[in-house]
Amino acid sequence: MSIKKLAFPIFMAVAVFVGIFSVRPSFISVVEKSEARSAKDAELQVVEATKQNLETLSLSRASLLDADEGRAVYSYLPADPEQERVVDLVNFYAVRSGISLIDVSSLPDNAVRTDQALADDGTAGEGKSSAPTAPGVESFTLEVELQGPYQGVRSFLESLSHASRSHRLLSFSIDKKQSAAVDNEGNPLPDSGILTGTLKMRFFHLPERRYAKGYLLPVFASSQFELGPVRELMASERDVPELPASSGAGRENPFTL
C-alpha cells in the first residue's frame, strides 16, 4: 500500500485524536455544570417544600403557644437565659420554705454570638449543601449559700427539684451550723438546729439563631410539630410521687442526736 493511500486514514486518526483532546475538557465542564444544576434544582425543591411547611408551622405556632404543650416547652427551655427570673424563683422557694439565702450568684457557662448566621457545613465547589449543625443549648450556673432548719432546707430542695425549667444539680453539701455560744456559766447553749449548705445548679436555655441554610434542618421536613416527647415529659412530671415526710424508720432529722 502506498503512502498516499495511508495519508488520509492517518490524517483522520490524528484529527479525531486532536478533536477528542480539545473537546474533552469542554464536555467534562458541561457535565459538571449539569450535575451542579441538578443538585441546585433538587435543593430548590427542598426549599419550596420547606417554605410550605414553615407557613403551616407558623400558623399553628400561635395556637400552640396558648396550649399546655406550648407553654411547657417555653417554660422548660426558654430562648433567653432569664437569670434574674431564676434568682427570683429561688428566693421565692427559700421564703416559702422558711430558710435564708446568704448569697446567690450566677455565671454564664458558654456564649455563642447570635447576631451572625452560623456557617454552612457544605463544601464549596461541589454543588452540595448539608444541613447545619442542630441547635445546641446554652447554660449558666447558679451558686447558692443557704441556712435554715432541716425541714426548711428539705422543702427548699424539693421545690427546686420540681421547678419547670431544664436544670441539673451539679453539687450540694449541707452541715450543722457550728455555734460557740455559751450561757452565763460558760456552758454551751443547746443546739439551734440550724443547718448551712451550698448548692450549685446548671440551668439551660435554647437561644434563637440564624442559619446560612437553616431550611435543610430535618425538623422542617414536616408540617406538624412533634409533641409526643413534650406530652411524655408532662405526664412524667405529673406522675412523680411526693416523698413522705418520714419513712417511719430512723430519725426524721438526721442532724439531731
Side-chain angles (χ1 to χ4, degrees), residues 61 64-112 114 135-179 191-208 227 229-247 251-256:
R61 179 176 181 270
L64 179 61
L65 292 178
D66 294 330
D68 292 339
E69 291 87 350
R71 288 191 292 267
V73 168
Y74 273 88
S75 175
Y76 184 76
L77 199 61
D80 299 321
E82 299 181 348
Q83 297 185 30
E84 296 82 2
R85 185 174 180 180
V86 171
V87 172
D88 290 342
L89 182 64
V90 171
N91 281 318
F92 170 74
Y93 288 155
V95 172
R96 189 176 66 177
S97 301
I99 68 170
S100 300
L101 299 184
I102 303 173
D103 183 55
V104 179
S105 60
S106 61
L107 181 67
D109 297 320
N110 44 38
V112 176
T114 58
V137 296
E138 296 184 11
S139 61
F140 67 91
T141 298
L142 189 72
E143 298 183 9
V144 178
E145 295 183 24
L146 56 90
Q147 68 176 12
Y150 172 76
Q151 291 298 338
V153 174
R154 183 177 184 277
S155 175
F156 175 70
L157 294 177
E158 285 185 348
S159 297
L160 283 178
S161 67
H162 289 84
S164 59
R165 171 75 183 263
S166 178
H167 65 277
R168 179 183 302 161
L169 179 63
L170 302 178
S171 63
F172 173 70
S173 65
I174 188 171
D175 199 359
K176 184 185 297 185
K177 184 178 181 180
Q178 300 297 328
S179 176
D191 183 13
S192 64
I194 298 299
L195 306 178
T196 61
T198 60
L199 65 86
K200 184 182 294 185
M201 303 182 68
R202 179 165 293 158
F203 289 85
F204 301 95
H205 63 282
L206 182 61
E208 296 180 354
L227 299 177
V230 179
R231 296 190 179 101
E232 291 180 5
L233 176 63
M234 295 172 62
S236 64
E237 288 183 346
R238 288 193 295 266
D239 294 338
V240 174
E242 293 290 341
L243 292 176
S246 175
S247 62
R251 297 191 306 268
E252 183 176 348
N253 183 350
F255 291 90
T256 58

Query raised in the report: Backbone N or O of Phe204 within a donor-acceptor pair of the Arg165 side chain at under 3.5 Å?
Result: yes
Query raised in the report: Looking at Ala79 and Glu208, what are the two nearest heavy atoms and their distance?
Result: CB-CG, 4.1 Å
Query - Flag side-chain contact, heavy atom, 4.5 Å: Pro149 against Leu195 - result: no
Query raised in the report: What closest approach, in Å, do Gly148 and Val153 show between heavy atoms, and which atom pair accounts for it?
Result: O-CG2, 3.8 Å
Report summary line: Between Ile99 and Gly152, the two heavy atoms sitting closest are CG2-C, 3.4 Å
**Report entry** side-chain contact (heavy atoms from CB on, under 4.5 Å), paired with Leu146, selected from Thr196, Leu101, Val90, Ile102
**Finding:** Leu101
Query raised in the report: Which pair of heavy atoms, one from His205 and one from Ser139, lies closest together, and at what distance?
Result: CE1-N, 3.8 Å
Report summary line: Nearest heavy-atom contact between Ser166 and Leu77 is CB-CD1, 4.1 Å
Report task. Would you confirm whether Ser159, through its side chain, and Ser155, through its main-chain N or O, come within 3.5 Å as a donor-acceptor pair? Result -> yes
Report summary line: Between the OG atom in Ser105 and the CG atom in Leu107, the distance rounded to the nearest 0.5 Å is 8.0 Å
Query raised in the report: If you take all heavy atoms of Arg202 and Leu170, which pair is closest and at what distance?
Result: NH2-CD1, 3.8 Å
Query raised in the report: With a 4.5 Å limit on heavy-atom distance, are the side chains of Phe172 and Leu160 in contact?
Result: no
Query raised in the report: Has Arg168 got more than 12 heavy atoms of other residues, nucleotides or ligands less than 6.0 Å from its CZ?
Result: no
Query raised in the report: Is there side-chain contact between Leu169 and Leu157, with at least one heavy-atom pair below 4.5 Å?
Result: no
Report summary line: CD1 (Ile194) and NZ (Lys176) are apart, to the nearest 0.5 Å, by 11.5 Å
Query raised in the report: Can you check whether Ala72's main-chain N or O pairs, donor with acceptor, with Ser75's side chain at less than 3.5 Å?
Result: no
Report summary line: Quick note, side-chain hydrogen bond (donor to acceptor under 3.5 Å, both in side chains) partners involving residues 82-92, not counting sequence neighbours, are Gln83-Ser106
